[in-house]
2 protein chains.
Amino acid sequence: MKTITCTAPVNIAVIKYWGKRDEKIILPLNDSISFTLNQDEMCARTTVAVSPSFTEDRFWLNGNSYCSVLFAVFLLLVYSIVLSRAYISVRRRASKRKLEGSIEDILNWHVHICSVNNFPTAAGLASSAAGYACLVYALGQVYGVEGDLSSIARQGSGSACRSIYGGLVRWYKGELDDGTDSVAQPIAPPDHFPNLRIIICVANAGRKKTGSTDGMRQTVQTSRLMEYRVKESVVTRTEAMMEAIQDKNWSTFCDLTIADSNEMHAVCLDTFPPCVYMTDTSHAVASLVHQYNEVKIARGDLNHKVCYTFDAGPNACLFVPGAVVKEVLALLLRTFPPGPSQSPTEYVKGIPAQSATLSKELMSLGDEDFEGGRLKYLIHTRVGDGPRLMLDAESSLLDHTTGVPKPTNGTA
Amino acid sequence: MKTITCTAPVNIAVIKYWGKRDEKIILPLNDSISFTLNQDEMCARTTVAVSPSFTEDRFWLNGNSYCSVLFAVFLLLVYSIVLSRAYISVRRRASKRKLEGSIEDILNWHVHICSVNNFPTAAGLASSAAGYACLVYALGQVYGVEGDLSSIARQGSGSACRSIYGGLVRWYKGELDDGTDSVAQPIAPPDHFPNLRIIICVANAGRKKTGSTDGMRQTVQTSRLMEYRVKESVVTRTEAMMEAIQDKNWSTFCDLTIADSNEMHAVCLDTFPPCVYMTDTSHAVASLVHQYNEVKIARGDLNHKVCYTFDAGPNACLFVPGAVVKEVLALLLRTFPPGPSQSPTEYVKGIPAQSATLSKELMSLGDEDFEGGRLKYLIHTRVGDGPRLMLDAESSLLDHTTGVPKPTNGTA
């Protein structure tokens, strides 16, 4: 039995991917740029085992501990479709290379795959990107595939291709019909903006939302503003963003990130019927960030601005310079305190942070009612690197003799 | 003393006015189209008195009964600035004509003006449009001004120019710098879509919002999507809307109305910082309308579709064919019931309507939680005509001997 265990990160786009030019092999209408998040706080972990003794391909996702049975069945279905696609791609590539006899054998063996996320799938935190990236990376390791894996990961879940690399990553939309040039590439290392922190504000309750695949399709089909975004606006913004990244111009980076998030949600609203992902709570977080930035701008302190971005859901993702992370956390805790049924000690997850005393000026921010329970919790994390190969036997999710999940794998 | 009393209607745009090409004389970036609402349910009433015995110009707005003192002071200030402008315009026009001696005298007399709205100003229901239209119309009557009044009303509050006419009204943006061709014109009579009803869903609580003057300016300055709306999208939609109106194509009218409202709020969201006027409740009303229309579409019953539009606030304005108004009201009452502190009998204002029993199909609509108190109340009204001259002495808000407000005028 050959066993490989990998972890892969979540990524958060600052130039958004919204809309496909090819639905089948997932080719996007525009380039996107993302930060890869650190895997200590959030990651997917996948173990792939191949053995001549396996009698069928088997797949386990998240045990039953992180998601309802119904949700698991649904995800399994989706995963298995994509899995076969990704799997075939990896097999095909492996076949093309000059193979040693042993690898040719391996390609005919059945596979067991076990995958978990170390963060709640239900939070709507782009868990599929990490999951698909991890799957593709692990399969690539098993079959010794070299070269670009991002275009395979892309075919599972578009944004998964960006989770193949660490730091700042650009996914090029590509021009070819076969999608071979629609790949992700790293554009800056994780410490490019030193000590940058990320705070994810997980919103409590959202509306029943349109899934992103359907939402994108409907936007492309019905939004007039979307034409302009794709042809003009996001193209120039992407180049401006590349320049801001090269120049390490944090202030411009923040403005562009905010503008692109709002433009994406604007074209969603312009869809017929409208796709509405942001809630009153989402807008309250965004408003707080703008108020905070106004204080910083008034002081000429542009390097300590904060920016937000929202995916196809109500959760805010904030990018926060390390120097102000304590005061930003304190401000968030004051404006969005936990509700009576929430545990204050489990309200901020991830990197521990001491609390800061807010200045009088910052105490005046927040035009909302400071109602408790608007957020589920906060996740405090940072930028991280790409998928990792886990060499210790304890990391494996599958038992090394039976090839089925260890009893503990649901809680990894 | 010469006294004139007039009433003027509220109007609701179906092709939205958002963005000025000239801030000073209020010239819009695009044409807009609106329905004028019936004055029995909502109107502004203004009495203008001129007399050689008045020693100064005086102005009363809504007594103190409809608005806080602070709000009254603020509005008075705004009104007085615009008043003087409108007033001068009217005087100038009157001067240009060959005047009888008596009118020349009247131009030198001081003026007393009293204005009230018969609906709550605080509801954010474009009360200023009705107010300015009424003021201009009444002044026009006093000074015997003939010809277009809409371009004067426009200078008070842009959309006020549309309240100068009844039925369906188009405000042409015009091409000239002096704004003389930026006028409103009636394009169809009030009964063009026979028995059409309007239901205004006044939302309970909104966020602290950016005023529409500031909001428009910021959108023009910062939104890339706005360029496209103004240059392309709203231009073609306006022509499509004119065609739908001419053809009495209600289904297309509905789709265009919804699309333009969402496009306007999309460019608001695309503003930096974003202008967010719609709340979770607003989106819940919009979602219910789309669900309702899907039922009608599935039955091929396109003439009974409903459409929504939102101004710069959280209130939904629904256009409802008379044949389905009872079931739409019943659906709204079910999905948005009054809260425990609200009076069910005062919850639906305006035209009385018997309740309808909802079909099983309609009972299944509404993906929300049917929480009480999300709306303040509903106003049920219809399309109406333009400003009216009130000939009965009782309508006057000013005492015919003293020229100061009658004791009752705050509650008219």
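Only this structure's heavy atoms are used, side chains among them; waters, hydrogens and symmetry mates stay out. Order of the sequence lines sets the chain letters (A, B, ...), proteins ahead of strands, with each chain counted from 1.
Neither the backbone nor the side chain of Thr222(A) comes within contact range of chain B, judged by heavy atoms closer than 4.5 Å. With a 4.5 Å cut-off on non-hydrogen atoms, Asn293(B) does not touch chain A at all. Heavy atoms closer than 4.5 Å to chain A are found in both the backbone and the side chain of His265(B).
To the nearest 0.5 Å, atoms NE2 (His283(A)) and CE (Met278(B)) are separated by 9.5 Å. With values rounded to the nearest 0.5 angstrom, Ser223(A) atom OG is found 8.0 Å from Leu225(B) atom CG. Between Arg224(A) atom CZ and Arg237(B) atom CZ the span is 4.5 Å, to the nearest 0.5 Å.
Of all non-hydrogen atoms in Asp280(A) and Thr279(B), the two that sit nearest each other are OD1-CA, 3.3 Å. Looking at every heavy atom in both residues, His290(A) comes nearest to Pro274(B) through NE2-CD, 3.2 Å. Closest approach of Asn262(A) to Thr271(B), counting heavy atoms only: ND2-O, 4.5 Å.
For the residue pair Tyr228(B)/Glu232(A), the side-chain donor-acceptor check at 3.5 Å is not satisfied.
For NZ of Lys231(B), the number of neighbouring non-hydrogen atoms (other residues, nucleotides, ligands) closer than 6.0 Å is 12 at most.
At distances below 3.5 Å, not a single donor-acceptor pair connects side-chain atoms of Asp270(A) with backbone N or O atoms of Ala266(B).
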